[in-house]
Amino acid sequence: MGCVPVDISTPFIILYPMIDPRKIRENPDEIRKLLARRRCPISVDEILAVDEKRRKLQAERDTLRHDLKQASDAIGKLKRESKDASEAMAKTKELSAKTKELDGKLSEIEARFEELLWQLPNLPDPDAPDEDTVIRSWGSKPEFDFQPADHVTICERLGLCDFRYAASYAGARFAAYTGDGALLLRALVNLCLDLHTREHGYKEVFPPVLARAESANAAGQLSKLEDMYALADDPLYLIPTSETALINLHMRQEIKEEDLPLKYTAYTSCFRREAGTYGTQTKGLFRIHQFEKVELVQFAHPEHWREAFDEILSNAEKVLQLLELPYRVKALSPTEAAFQASLTFDIDVWAAGAEDWLEVSSISNCADFQARRNKTRLRLADGSLIYPHILNGSGTAFPRLIIAILENYQQADGSIKVPDALRPYMDGKEHLGR
RNA sequence: GGAGAGGUGGCCGAGUGGUCGAAGGCGACCGCUUGCUAAGCGGUUGUACGGGUAACACCGUACCGUGGGUUCAAAUCCCACCCUCUCCGCCA
């Protein structure tokens with residue numbers, strides 16, 4: 001990849017989703033418009049006001065401090081020459097006190113400024129549609145000459161999951177995979193990891209599933225703090241997705257242009273409290289507090305994010321194609337996209353029993369939003385330093401994939417045909433429950 | 001969890017409360033040189049915020065693990081915390 005100097009004066013970059021304070025004060029109207037697309041209630045005017053105050057204060061403080069420094073140096077000189085400095089010291093004391101006072105005021109205003117900025121969601125990409133839009137479909141829905149069962153029924157019939165045990169052991173909305181169910185999960189994990197590491201060139205990572213608040217915040221997930229599990233005795237959170245772990249892989253580091261794109265994949269359990277979702281679809285594996293997922297993350301050059309995005313999307317689609325599951329790709333509206341995302345496409349798989357599309361993957365460009373937050377920077381070949389784009393996508397989430405497999409591959413005799421691609425990972429089994 | 005040692009610029013590594021953004025070395029970059037050897041010589045070499053500029057230049061401030069404190073002045077003193085290493089304990 002050649003050296004690509006970034007001209008920050010071009011509209012391309014200014015329109016780009018980044019919450020650089022400078023962009024806010026240079027293009028307040030643009031930012032207002034973009035935030036409105038997300039229905040974000042945060043006031044740009046307040047940010048601008050605080051920013052102005054902050055800059056004014058800093059100028060004052062810097063001047064004062066400059067004077068103080070010079071006065072102190074003068075005292076040092078006197079002392080070295082063994083001259084009396086008590087008068088100068090007394091005078092400088094006042095200056096010092098004033099400087100400190102301004103320091104205090106400035107840090108207050110800076111804290112407020114940062115607080116406001118941290119609350120801002122990422123700005124939507126111009127390509128994000130106003131309404132969720134299906135942009136393509138793949139495969140065809142299976143047809144049955146019998147009434148297809150839903151996955152809960154199938155799981156119970158074939159002993160693939162033990163929901164009763166999971167509920168009494170951990171609580172409602174947990175799942176325990178048993179027997180061939182557990183094997184099926186493991187097979188899917190291996191299929192996905194093998195595919196992404198061997199065919200798609202991702203480096204596998206097995207990260208901690210506990211993260212500091214700082215890390216979760218960098219990912220943008222503290223904005224939905226109420227949806228994360230917190231530990232009682234340590235300032236740690238159970239990650240809601242391995243995106244949290246992977247996007248922080250280079251926190252406070254410089255990455256090099258020549259190493260791009262950096263591609264990582266991780267398989268982890270993911271934990272979500274799902275607060276506020278009671279009463280919605282609660283059956284079986286559809287929405288559970290702990291679920292397993294293989295995640296894909298790429299660090300990309302800001303000018304090449306779309307290539308990375310499309311690649312992750314096709315990497316995730318490949319899983320469904322291998323499993324021959326019908327799916328559709330949907331471009332999300334800015335109001336549907338996650339806090340940290342500027343552009344998001346979902347992949348929904350068809351589930352014949354539920355007769356519904358289930359979201360199994362969500363691919364997002366977070367632009368430089370997360371990189372700014374965790375201080376991952378990109379050193380270009382020309383020596384300049386910018387923020388990389390960070391993109392992520394599930395590749396894929398398993399409970400819903402399992403739902404789709406069980407429901408779409410069910411046979412008249414109640415057994416489940418194992419998709420061809422999965423057989424090498426399932427002891428060659430052709431059917432479950434036969 | 002207990003005891004001890006330590007955290008300085010891309011890396012290694014000095015550092016006396018004042019002349020330290022920080023010696024020295026390495027690396028990198030630029031230039032020069034070049035009949036000797038992947039050699040020699042000179043120079044350059046951080047980031048953030050603010051000001052300034054058409055853009056550079058330039059100016060100010062901050063940054064020596066993090067946050068406080070003492071002081072006219074802190075990398076240097078004090079306190080708390082974090083992290084790393086060694087030893088002990090515990091343990092898959």
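Just so it is clear, the structure is predicted and the values come from calculations on it, not from any experiment. Chain identifiers are assigned alphabetically (A, B, ...) following the order of the sequence lines, protein sequences preceding nucleic acid strands; residue numbering begins at 1 within each chain.
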**Student:** Look at Lys105(A) together with Glu60(A) and state whether they make a salt bridge at an N to O cut-off of under 4.0 Å.
**Tutor:** no

**Student:** Is there a side-chain contact between Ser72(A) and the phosphate of U71(B), meaning an N or O under 4.0 Å from OP1 or OP2?
**Tutor:**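 So the side chain of Ser72(A) is outside the cut-off, no N or O lying under 4.0 Å from OP1 or OP2 of U71(B).
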
**Student:** Determine the interatomic distance between P on G13(B) and the same-named atom on G65(B); round to the nearest Å.
**Tutor:**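 Roughly 15 Å separates the two P atoms.
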
**Student:** Taking side chain to side chain contact (heavy atoms under 4.5 Å, CB included) as the criterion, tell me which of Pro399(A), Cys270(A), Ser269(A) meets it with Gln290(A).
**Tutor:**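 Per the side chain to side chain contact (heavy atoms under 4.5 Å, CB included) rule, the option paired with Gln290(A) is Ser269(A), out of Pro399(A), Cys270(A), Ser269(A).
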
**Student:** Could you identify the nucleotide paired to A80(B), looking across every strand shown and requiring Watson-Crick or G-U wobble geometry with both distances under 3.5 Å?
**Tutor:** U66(B)

**Student:** For Gln58(A) and A48(B), give me the distance from atom CD to atom P, rounded to whole Å.
**Tutor:** 14 Å

**Student:** Which one is paired to U71(B), where only Watson-Crick or G-U wobble pairs with both distances under 3.5 angstrom count?
**Tutor:**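 Looking at the geometry, U71(B) pairs with no nucleotide.
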
**Student:** Distance between the C1' atoms of U86(B) and U16(B), in whole angstroms?
**Tutor:**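 It comes out at 30 Å once rounded to the nearest Å.
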
**Student:** So what's C20(B) paired with, Watson-Crick or G-U wobble, going by both distances under 3.5 Å?
**Tutor:** none

**Student:** At 4.0 Å (heavy atoms only), tell me whether Leu68(A) reaches a base, stays on the sugar-phosphate, or touches nothing.
**Tutor:** sugar-phosphate

**Student:** Which value, in whole Å, describes the distance between the C1' atoms of nucleotides G15(B) and A92(B)?
**Tutor:** 46 Å

**Student:** Using purine N1 to pyrimidine N3 plus N6-O4 or O6-N4 for Watson-Crick, or N1-O2 and O6-N3 for G-U wobble, each under 3.5 Å, what pairs with A3(B)?
**Tutor:**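 Across all strands, the one nucleotide that pairs with A3(B) is U86(B).
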
**Student:** Identify, between Ile75(A) and Asp51(A), the residue whose nearest nucleotide on RNA chain B lies closer to the 5' end.
**Tutor:** Asp51(A)

**Student:** Count the heavy atoms belonging to other residues, nucleotides or ligands that lie under 6.0 Å from CD of Glu52(A), then report whether that count exceeds 12.
**Tutor:**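 Not buried by this count: 12 neighbours or fewer within 6.0 Å.
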
**Student:** Need one value for Lys100(A): base, sugar-phosphate or nothing, where a base atom within 4.0 Å counts as base even if backbone is also close, heavy atoms only.
**Tutor:**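 Counting heavy atoms under 4.0 Å across all strands, the contact made by Lys100(A) includes a base.
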
**Student:** So, does Arg65(A) get its side chain near the phosphate of G60(B), meaning an N or O under 4.0 Å from OP1 or OP2?
**Tutor:**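 No, Arg65(A) has no side-chain N/O under 4.0 Å of OP1/OP2 on G60(B).
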
**Student:** Tell me the partner of C32(B), counting only Watson-Crick (N1-N3 plus N6-O4 or O6-N4) or G-U wobble (N1-O2 and O6-N3) with both under 3.5 Å; none if nothing fits.
**Tutor:**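 Matched C32(B) with G40(B) under the 3.5 Å cut-off.
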
**Student:** Suppose you measure atom C1' in G21(B) against the same atom in A5(B); what distance do you get, rounded to whole Å?
**Tutor:**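 Each nucleotide's C1' atom is 28 Å from the other's.
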
**Student:** Using atom P of each nucleotide, how far apart are C26(B) and C58(B) to the nearest Å?
**Tutor:**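 Taking atom P in both C26(B) and C58(B), they lie 27 Å apart.
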
**Student:** Hey, does the side chain of Arg212(A) reach the backbone of Asn217(A) with a donor-acceptor pair shorter than 3.5 angstrom?
**Tutor:**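 Pair absent, no side-chain N/O of Arg212(A) close to backbone of Asn217(A).
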
**Student:** To the nearest Å, how far apart are Glu52(A) CD and G50(B) P?
**Tutor:**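 Interatomic distance, CD of Glu52(A) to P of G50(B): 13 Å.
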
**Student:** Using heavy-atom distances to pick each residue's nearest nucleotide on RNA chain B, tell me which of Gly76(A) and Asp62(A) is more 5'.
**Tutor:** Gly76(A)

**Student:** What's the CZ-C1' distance between Arg212(A) and C83(B), to the nearest Å?
**Tutor:**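 Those two atoms, CZ and C1', are 8 Å apart.
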
**Student:** When the C1' atoms of C12(B) and G2(B) are compared, how many Å lie between them, rounded to an integer?
**Tutor:** 33 Å

**Student:** Once you apply the 3.5 Å cut-off to both distances, tell me the Watson-Crick or G-U wobble partner of U45(B), or none.
**Tutor:** G27(B)

**Student:** For U8(B) versus A23(B), give the span between their C1' atoms, rounded off to a whole number of Å.
**Tutor:**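 Per the computed distance, 12 Å lies between those C1' atoms.
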
**Student:** Under 4.0 Å between a side-chain N/O of Arg252(A) and OP1 or OP2 of G65(B), yes or no?
**Tutor:**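 Arg252(A) to G65(B) OP1/OP2: no side-chain N or O under 4.0 Å.
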
**Student:** Considering every strand shown, what is the Watson-Crick or G-U wobble mate of C56(B) when both distances are under 3.5 Å?
**Tutor:** none

**Student:** In whole Å, what separates the P atom of C41(B) from that of U33(B)?
**Tutor:** 16 Å

**Student:** Once you round it to whole Å, what is the distance between C1' of A73(B) and NZ of Lys98(A)?
**Tutor:**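 Nearest whole value for this atom pair: 18 Å.
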
**Student:** Give the rounded distance in Å between these two atoms: CD of Glu87(A) and C1' of C72(B).
**Tutor:**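 In whole Å, C72(B) C1' lies 13 Å from Glu87(A) CD.
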
**Student:** How many Å lie between CD1 on Ile386(A) and P on A48(B), as a whole number?
**Tutor:** 12 Å

**Student:** Rounded off to whole Å, could you give me the CG-to-P distance for the Leu57(A) and G50(B) pair?
**Tutor:** 13 Å

**Student:** Please check the phosphate of C49(B) (OP1 and OP2 only) for any side-chain N or O of Arg22(A) closer than 4.0 Å.
**Tutor:**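 Answer yes for this pair, as a side-chain N or O of Arg22(A) is under 4.0 Å from OP1 or OP2.
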
**Student:** Is the distance from OP1 or OP2 of C72(B) to the nearest side-chain N or O of Lys93(A) less than 4.0 Å?
**Tutor:**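 Looking at the OP1 and OP2 atoms of C72(B), one of them is under 4.0 Å from a side-chain N or O of Lys93(A).
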
**Student:** Roughly, in whole Å, what's the span from CG in Asp67(A) to P in U61(B)?
**Tutor:** 9 Å

**Student:** When you look at CD of Glu254(A), are more than 12 heavy atoms from neighbouring residues, nucleotides or ligands closer to it than 6.0 Å?
**Tutor:**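 Buried by this count: over 12 neighbours within 6.0 Å.
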
**Student:** Between C49(B) and Arg54(A), is there an OP1 or OP2 to side-chain N/O distance shorter than 4.0 Å?
**Tutor:**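 No, because none of the side-chain N or O atoms of Arg54(A) sits under 4.0 Å from OP1 or OP2 of C49(B).
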
**Student:** Would you please confirm or rule out a distance under 4.0 Å between OP1 or OP2 of U61(B) and any side-chain N or O of His66(A)?
**Tutor:** yes

**Student:** Taking only N and O in the side chain of Arg55(A), is any of them less than 4.0 Å away from OP1 or OP2 of G51(B)?
**Tutor:** yes

**Student:** Using only side-chain N and O atoms of Arg25(A), determine if any of them is under 4.0 Å from OP1 or OP2 of G50(B).
**Tutor:** yes

**Student:** Reckon Arg379(A) touches a base, only the sugar-phosphate, or nothing at all at heavy-atom distances under 4.0 Å?
**Tutor:**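 Sugar-phosphate, no base atom in range.
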
**Student:** Any side-chain N or O of Lys69(A) under 4.0 Å from OP1/OP2 of A62(B)?
**Tutor:** yes

**Student:** Check the angle between the aromatic planes of Phe398(A) and Tyr267(A) and answer parallel, tilted or perpendicular using the 30° and 60° thresholds.
**Tutor:**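 Answer is tilted, since the angle falls between 30° and 60°.
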
**Student:** Within 45° of the ring axis of Tyr202(A) and under 6.0 Å from its six-membered ring centre, is that where the NZ or CZ of Lys263(A) lies?
**Tutor:**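 Lys263(A) over Tyr202(A) ring: yes.
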
**Student:** Should we say atom CD of Gln253(A) is surrounded by more than 12 heavy atoms from elsewhere, each under 6.0 Å from it?
**Tutor:** yes

